[in-house]
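Worksheet: one structure, shown below.
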Amino acid sequence: MVKKIREEEYRFEEDFEEEEVQLREGEEFEEESISFEIRGETPSISPPAIVLSVTYDGKAGRALVKLYDPVNDRIYFWYDNTGHRPYLLTDIDPVDIVTRFPRVIQHRGFSHLELVRKYDALNDREVVMTKVCAKDPLSIGGARESIRDILPKTWESKIKYHLCYIYDRDIIPGMFYRIENGKLVKVDIDIPQEVRDFVHKLYGNDEYMLEEVEKWLPLFQAPIPHIKRLAIDIEVFTPKENKIPKPEEANYEIISIALAGSDGLRRVLVLKRPGLDLTWEQVEKLRDDDVEIMFFDSEYEMLRELFKIVCQYPLIVTFNGDNFDLKYIYNRALKLGFRKDEIPIISKRDEMTVALGVHVDLYKFFNIRAIETYAFGGKYRGAEKTLDTIASALVKMKKIPRDKPINEMDYAELVNYNFRDAFLTLYLTMYDNELVMKLIILLSRISKLPIDDITRSQVSAWIKNMMYYEHRRRGWLIPEKEDIINVKGEAATKAIIKGKKYLGAIVIDPVPGIFPNVCVVDFASLYPSIIKKWNLSYETVKCPDETQKNNRPYPDLPHWVCYNRRGLTSTIIGILRDMRVYVYKKIAKTTNNPILKQFYDVVQSALKVFINASYGVFGAETFQLYCPPVAELVTALGRLAMSMTLIKALELGLVPLYGDTDSLFIWSPDEEKLKELIEWVEETLGIDIDIDKTYRLVAMSGRKKNYIGILPDGSLDIKGMVGKKRNTPDFVKEAFADVLKIISSMEKITEVETKLDEIRRKVKEYYDKLRRREIPLNKLMVRMSLNKPLEQYTKNKPQHVKAALQLKQYGINVGPGDIIYFVKTRTKDGVKPVQLARIDEVDIDKYVEYLRTSLEQVLDALGISFDEVLGATKLSLV
DNA sequence: GCGGACTGCTTACCT
DNA sequence: ACAGGTAAGCAGTCCGCG
């Protein structure tokens, strides 16, 4: 009975924020000790080692820093010995706590009270706060009746303890430290003179900025060592095809485990199964592939071998290991009778870690939106994010096609299939000189989030953590979200789009037509530049200082900005932007050493991710420093910069054709005039503007965010066109591409007339094929992704949902993230999933319309209509 | 009862 | 769960129409 209650309590606790702590002090159940072999050494002295992870070790009741010494290939565990305690802050003084909130003192996890002086940036004043310290993180918050629930208002009580520890002890993940006399000491990093020169040129005698930037340079300059790693992928016996075994239950045998190590390990552990023989041909086939195979009679022995190998690597890499591979292995091991302390894997709420080092789940990492769009330029955007799609997009490698169920494969097929997956996973961290690993380490350093956290959280969490660290470093109180909103209020403008909070960017109506020689000028990271130039930050915008109320950078908005003190966001984003634009982008170009060049390129792309997201977070309600006036001022000043530049361009007699947010398309500009414009912008607005590119030809239909540009090398920039969208049927895409080919073959504008006939013939050809139903279904299907569970489409039933519901009737279940393939038909629903459709049911007229919208986006630029093109050919046929 | 004008929802895109 | 702005198609509603 007692045991049962405790189990429930245990589960209950697990659901809370501080999931690292699984057991409370004094509890005897569920021994969690890590056995000797799977614990890192804790020497009193060590060579330089990189911080892999910082966590809270519940058993030891202390923060644990996991370090990796790349030279000697060793892992060290350093436990906090500074007496650091979890804490929260309150504005209630100690006497009042004792008298009015005695339950705080009586709390079983209570440790002691301290007084601390903080700077409350939001209200611009010094404050004295009471620091309530506890013996363990859960006593602060996360369990029932924790201290933060007893007090009416607390600060900094929702920060995970291991992050709090990082801020207070200044332990930067991804940086080098060494253990000296039992203490953890930062390793000094040399800054090249070249970089120093750049910085000096930038900040000259601005002591404040020079001092600030000093903190950042080591993060960009510290070398990134090779971290030995192991990729793991498993195959599980599946009784029914297409039914993925549940990792929570782990009911079926693991039949093979593929291991690919950065040290050259290529091994597959295979379970011997009755009725499956290994033939000589198979042995020969396997030998060719240079994959080592170990056969096991029992699954238990196979897992033991796996665990032995796992303990030899500081970094474990998987693709979806959090939700499948590692979870399955863990639960299966428990089922087979392993004790928890014999398994070098730790299960957390929605994450699996390894006891010794860190686990990176690449599926989660590549699913981070900011990574997808900024770091990889949307290369693998679109289709479902599987190992296959990501690997083929980034490294042009594919999984081995599977033509039969896993269960029916012979050993050779199984081993090959399995190993390829592990290899691809490893390779995604190895290609291009370990680009992905370097990126992860740099992101970790900049954000101060351990590798485990950075690879599993979105960019807003990165920026939040970076900002928290900066607050602590300065002795600033970290504000509560509600306090910022209460003091600063909501936005003052009205968005164009219903449901949005404030007015955004300007898009200039494009002039339709075909234009040769179009120059695109572009503000260099406009929004971050604005944040820097106007000192924007949550504490400087609408500051409490009455004397500042006349500093209104944008007169139509009531918001003023403090010019007496430097804004924290402005300083940090300013430095990151300066380092990217003026230092690392530059030296990446000028450096001759290819290795260094690539390294600096990774630095600048890591910076890019933070910079690009820096404005957006202030307009995101979920962000802890959410401040609508800041976001609103940024876009307003962006509109100002854009419109002033446009007016100036017109004054100079230049011909602007189009512009969106931070760019202006100028038709055949006079070089002198253009130079004048650029200089005027830099002088008057104080924002850098550059010539981004010059198009040989631009075709614009008159629609915004929609154009085709031909670059000097003949390549095409196709923006926003229906013919390029991923949900457009292939046949429409092909027609669009064919027409485009004809246009791009045009050398001079005067050739328009002669090419027109060619276009007409082409369009008619597609039209006729469609009418004759000669286009196969797979070229007619529309791909549309399902963004929420089927039941949640309550307001209406879009076509892809109708198709999905039909699939459901056939027992095929689909959910969020799945792509529905359907064909437009003349049946009741107007749509059928491809699998169920017949070619004679296709609604031809719908596809003619599709062809029309797609081609009109091109034809409108030429001044011809789709009907005219079809009509003319029809007539000519008669 | 039916079709056109309208709004709103949804997805995919641009910066 | 970084933002707002735009294009496009379809679902659903309202209204006029003997």
Under 3.5 Å, is there a donor on one side chain and an acceptor on the other for A/S537 and A/E539? yes

Should the pair A/K481 and A/Y626 be classed as cation-pi, given the thresholds of under 6.0 Å to the six-membered ring centre and 45° from the axis? no

Interatomic distance, A/Y374 OH vs B/dT15 P [rounded to whole Å]: 13 Å

Closest nucleotide among B/dC13, B/dC9, B/dT15 to the A/R726 side chain: B/dC13

At 4.0 Å (heavy atoms only), tell me whether A/F618 reaches a base, stays on the sugar-phosphate, or touches nothing. nothing

With a non-hydrogen cut-off below 4.0 angstrom, is A/K824 in contact with a base, only sugar-phosphate, or nothing? sugar-phosphate

Please tell me if A/K719 has a side-chain N or O lying less than 4.0 Å from either OP1 or OP2 of B/dT15. yes

Between A/N727 (CG) and B/dC13 (C1'), how many Å, whole number? 10 Å

Most 5' of A/K795 and A/N612 on DNA chain C, judged by nearest nucleotide: A/N612

May I ask you to decide whether A/K532 forms a salt bridge with A/D578, counting only side-chain N to carboxylate O separations under 4.0 Å? yes

In residues 491-500 of chain A, what donor-acceptor pairs under 3.5 Å come from side-chain atoms, sequence neighbours left out?
| unit_1 | atom_1 | unit_2 | atom_2 | d |
| --- | --- | --- | --- | --- |
| A/T493 | OG1 | A/L503 | N | 3.1 |
| A/T493 | OG1 | A/E632 | OE2 | 2.6 |

B/dT15 P sits how many Å from A/D522 CG, rounded? 9 Å

Is it true that A/K364 and A/D322 make a salt bridge, defined as a side-chain N closer than 4.0 Å to a carboxylate O? yes

Phosphate oxygens OP1/OP2 of B/dC14: is one of them under 4.0 Å from a side-chain N or O of A/T661? no

Determine the interplanar angle of the A/Y538 and A/H471 rings, folded into 0 to 90°, and report it as parallel if under 30°, tilted if 30 to 60°, perpendicular if over 60°. parallel

By the 4.0 Å heavy-atom rule, please label A/Q857 as base, sugar-phosphate, or nothing. sugar-phosphate

Once you apply a heavy-atom cut-off of 4.0 Å, does A/A495 come out as touching a base, just sugar-phosphate, or nothing? sugar-phosphate

Using the closest heavy atom to pick a nucleotide of DNA chain B for each, name whichever of A/S663 or A/K788 lands nearer the 5' end. A/K788

Just checking A/T635: base, sugar-phosphate only, or nothing, at a heavy-atom cut-off of under 4.0 Å? nothing

Numerically ordered, the residues 496-506 of chain A set in heavy-atom contact under 4.0 Å with DNA chain C is A/I496, A/I497, A/K500, A/K501, A/Y502, A/L503, A/G504, A/A505

In this structure, how many angstroms lie between the P atom of B/dC9 and the NZ atom of A/K802, rounded? 17 Å

Which part of the nucleic acid, if any, lies within reach of A/K846 when heavy atoms closer than 4.0 Å are counted: base, sugar-phosphate only, or nothing? sugar-phosphate

Separation of B/dT11 atom P from A/Y850 atom OH, nearest Å, is 14 Å

How long is the line joining CD of A/Q799 and C1' of B/dT10, in whole Å? 11 Å

Kindly indicate whether the side chain of A/S854, heavy atoms from C-beta on, has any atom under 4.5 Å from the side chain of A/T728. no

Got a second to check how far A/C627's SG is from A/H559's NE2, nearest 0.5 Å? 8.5 Å

For atom CD1 of A/I718 and atom P of B/dT15, their distance in whole Å: 13 Å

Under a 4.0 Å heavy-atom criterion, DNA chain C is touched by chain A from C/dA1 to C/dG12

Any chance you could measure A/Y658, atom OH, to A/N706, atom CG, to the nearest 0.5 Å? 8.0 Å

Under 3.5 Å, side chain of A/Y847 to main-chain N/O of A/K824, donor-acceptor pair present? yes

How about NZ on A/K802, more than 12 heavy atoms from neighbouring residues, nucleotides or ligands closer than 6.0 Å, or not? yes

Under 4.0 Å, counting only non-hydrogen atoms across every strand here, what does A/Y707 touch: a base, just sugar-phosphate, or nothing? sugar-phosphate

Among B/dT10, B/dT11, B/dC14, find the nucleotide with the atom closest to the side chain of A/M784. B/dT11

Can you check whether A/H800 has a side-chain N or O nearer than 4.0 Å to OP1 or OP2 of B/dT10? no

Rounded to whole angstrom units, what separation is found between the CD1 atom of A/I687 and the C1' atom of B/dT15? 15 Å

